[in-house]
Amino acid sequence: MRRRSLLIAVPAGLVTLSACGDDGSDSGQASSSEASPSASAGQSAPPPPKIVDGPLPAITAGTKFDEKPTIAKGSGKPSDQLAVRTVIAGGGARVAENDYVQANYLGQVWDSAKVFDNSYDRKAPLVIQLAAGSIIDGWRYALAGKKAGSRVELAVPPTWGYGSQGNAQAGIKGTDTLVFVVDIQDVFNAKSSAKGTDVAQDDIDLPKVGTNTDGKAPEITVPKSDAPKDLVSNYVIEGDGAELAAEDTVLVQYKGVLWDTGKEFDSSYSRSALTSFSLQQVVKGWSQGLTGKKVGSRVLIVVPPALGYGDSPPADSGIKKDSTLVFSVDILAKM
């Protein structure tokens, strides 16, 4: 059994958050009146499709990367397999199964050219894991192997889309082939790290955090001085992304150690799996410490007991009552 994150705290008591991909979070995706590429609940996995070159409708406007496209109506009968075309080839990291992708996209129905969803108008790209059960299989198979910076067009038959039940709320029938244009902005996996500028760590009474960005866990060195009474939240590496709001859901790498001993008690690195969560669901030290910080950053958070687990630490966590906790957190994306 994989070790599970200790981060989430709710009014009813402490609960655990599964390692990445288990929490089923759909934050940052389309509203209930739209059809994002998220997988339908209870849908059984079909066999892998054959990847074919077409047919695929023309992109008639918005032809640049990350520009909202206009897609022509499908002509004739679509393939019963998965049609995929790389419209613009990027030069970034290559997408693999179970990676997270950050992408803008537009989806429409082949026969009618009716647009049922797009992220461009929301001005909020989708961040989602390419994992079975998290996203429609058409996306999983079409985007695997593509690189960040690429624009990909795909035509997804019902078998690898929403199945025979379709999505009535979005006006998608169980016989509809769906056409997507996807602009892959970034890719995240267990080797991802913060991206930004190192910030001086001058306070001798605070822990020092490593600045390596090779995907390995940074070293955290705790001083022999007394723990601070108040929350500490300092940049170790300052990114240039958007600032987090208190209600945001984030994708992170993190490591936690005890102030008293320096012993690690929790880490996404040790699970080789990223973690996503809402800032409204974590211990107060995390929600307060990350609010206002920029995406792309590495942040040192020192959490006093009152903003952590206090006198009720999780069972078998190795955390004693009234422990001060020290975290290094890489903010990879806002979901």
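Residues: numbered from 1 along the sequence shown.
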Problem set entry | Chi angles and distances behind the side chain to side chain contact (heavy atoms under 4.5 Å, CB included) call for Thr70, Ile59 | CA-CA 6 Å; Thr70 300; Ile59 300 172; over 6 Å; no

For this session: Please determine if Asp183 and Arg151 form a salt bridge, counting it only when a charged side-chain N lies under 4.0 Å from a carboxylate O.
Result: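 Answer for the salt bridge query: yes.
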
Between [X] and [Y], is there a donor-acceptor pair closer than 3.5 Å when you use the side chain of the first and the backbone of the second?
{"X": "Ser150", "Y": "Ala89", "answer": "no"}
{"X": "Arg298", "Y": "Val236", "answer": "no"}
{"X": "Ser323", "Y": "Leu325", "answer": "no"}
{"X": "Gln108", "Y": "Ala72", "answer": "yes"}
{"X": "Gln129", "Y": "Asp99", "answer": "no"}
{"X": "Arg140", "Y": "Ile136", "answer": "no"}
{"X": "Gln185", "Y": "Gly149", "answer": "no"}
{"X": "Ser297", "Y": "Glu238", "answer": "no"}
{"X": "Ser193", "Y": "Gly215", "answer": "yes"}
{"X": "Ser119", "Y": "Pro125", "answer": "no"}

Approximate separation, where rounding is to 0.5 Å, of [X] [atom1] and [Y] [atom2]:
{"X": "Ser268", "Y": "Asp330", "atom1": "OG", "atom2": "CG", "result": "8.0 Å"}
{"X": "Leu143", "Y": "Leu130", "atom1": "CG", "atom2": "CG", "result": "5.5 Å"}
{"X": "Ile220", "Y": "Leu258", "atom1": "CD1", "atom2": "CG", "result": "10.5 Å"}
{"X": "Trp286", "Y": "Thr291", "atom1": "CH2", "atom2": "OG1", "result": "12.0 Å"}
{"X": "Gln165", "Y": "Ile172", "atom1": "CD", "atom2": "CD1", "result": "10.5 Å"}
{"X": "Lys216", "Y": "Lys255", "atom1": "NZ", "atom2": "NZ", "result": "12.5 Å"}

Taking every non-hydrogen atom, the tightest pair across [X] and [Y]:
{"X": "Ala155", "Y": "Leu82", "result": "O-CD1, 3.5 Å"}
{"X": "Asp137", "Y": "Pro46", "result": "OD2-CD, 3.1 Å"}
{"X": "Val252", "Y": "Ile331", "result": "CG1-CA, 4.3 Å"}
{"X": "Pro55", "Y": "Pro78", "result": "CG-CA, 4.3 Å"}
{"X": "Ser270", "Y": "Ser267", "result": "OG-O, 2.9 Å"}
{"X": "Pro207", "Y": "Val302", "result": "CD-CG2, 4.0 Å"}

Problem set entry | Residue pair Asp117, Arg122: steps toward the salt bridge (charged side-chain N to carboxylate O under 4.0 Å, His left out) verdict | CA-CA 10 Å; Asp117 190 21; Arg122 292 193 293 273; 2.8 Å; yes

Can you tell if the side chain of [X] reaches within under 4.5 Å of the side chain of [Y], non-hydrogen atoms only?
{"X": "Ser287", "Y": "Gln280", "answer": "no"}
{"X": "Val232", "Y": "Ile301", "answer": "no"}
{"X": "Leu126", "Y": "Gln102", "answer": "no"}
{"X": "Pro223", "Y": "Leu206", "answer": "no"}
{"X": "Val182", "Y": "Leu154", "answer": "yes"}
{"X": "Val181", "Y": "Tyr105", "answer": "no"}
{"X": "Thr249", "Y": "Lys334", "answer": "no"}
{"X": "Ile128", "Y": "Pro37", "answer": "no"}

Problem set entry | Qualifying residue, where the test is ring-ring contact (aromatic ring centres under 6.0 Å, His included) with Phe180 and the options are Trp160, Trp110, Phe116 |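 Result: among Trp160, Trp110, Phe116, Phe116 is the only option passing the ring-ring contact (aromatic ring centres under 6.0 Å, His included) with Phe180.
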
With a 4.5 Å cut-off on side-chain heavy-atom distances among I, L, V, M, F, W and Y, is there a chain of contacts connecting [X] to [Y]?
{"X": "Phe65", "Y": "Val101", "result": "no"}
{"X": "Val84", "Y": "Ile135", "result": "yes"}
{"X": "Leu231", "Y": "Leu244", "result": "yes"}
{"X": "Val156", "Y": "Val179", "result": "no"}

[atom1] ([X]) with more than 12 external heavy atoms under 6.0 Å:
{"X": "Asp226", "atom1": "CG", "answer": "no"}
{"X": "Glu219", "atom1": "CD", "answer": "no"}
{"X": "Asp230", "atom1": "CG", "answer": "no"}

For this session: Would you verify whether the NZ or CZ of Lys293 falls within 45 degrees of the ring axis of Tyr235 while also being under 6.0 Å from that six-membered ring's centre?
Result: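 Positive - Lys293 is close enough to the ring of Tyr235 and near enough to its axis.
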
For this session: Determine, stepwise, if the pair Leu290 / Ser233 fulfils side chain to side chain contact (heavy atoms under 4.5 Å, CB included).
Result: CA-CA 7 Å; Leu290 291 182; Ser233 176; 5.8 Å; no

Could you tell me whether the side chains of [X] and [Y] share a donor-acceptor contact shorter than 3.5 Å?
{"X": "Lys146", "Y": "Thr86", "value": "yes"}
{"X": "Tyr100", "Y": "Asp186", "value": "no"}
{"X": "Tyr120", "Y": "Asp66", "value": "no"}

Problem set entry | salt bridge (charged side-chain N to carboxylate O under 4.0 Å, His left out) assessment of Arg271 paired with Asp266 | CA-CA 9 Å; Arg271 294 190 295 272; Asp266 193 15; 3.0 Å; yes

For this session: Could you go through the salt bridge (charged side-chain N to carboxylate O under 4.0 Å, His left out) check for Asp240 and Lys294 one step at a time?
Result: CA-CA 6 Å; Asp240 60 2; Lys294 298 175 185 176; over 6 Å; no

Exercise. When the ring planes of Tyr254 and Phe327 are compared, do they come out parallel, tilted or perpendicular, using 30° and 60° as the limits?
Worked result: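 Tilted: the ring planes of Tyr254 and Phe327 meet at 30° to 60°.
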
Exercise. Given the rule in the side chain to side chain contact (heavy atoms under 4.5 Å, CB included) test, do Asn98 and Asn189 qualify, once you have shown the distances and angles that lead to the verdict?
Worked result: CA-CA 8 Å; Asn98 294 317; Asn189 54 41; over 6 Å; no

Problem set entry | Qualifying salt bridge (charged side-chain N to carboxylate O under 4.0 Å, His left out) pairs, either residue in residues 81-92, two or more places apart |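 For residues 81-92: Arg85-Glu153.
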
Mind listing the side-chain donor-acceptor pairs of residues 195-205 below 3.5 Å, one per line with the distance, residues two or more places apart or on another chain?
residue, atom, partner, partner atom, Å
Gln201, OE1, Val209, N, 2.9
Gln201, NE2, Val209, O, 2.9
Asp203, OD1, Asp205, N, 2.9

For this session: Apply side chain to side chain contact (heavy atoms under 4.5 Å, CB included) to Lys68 and Asn118, showing your working.
Result: CA-CA 8 Å; Lys68 180 183 176 182; Asn118 89 89; 4.1 Å; yes

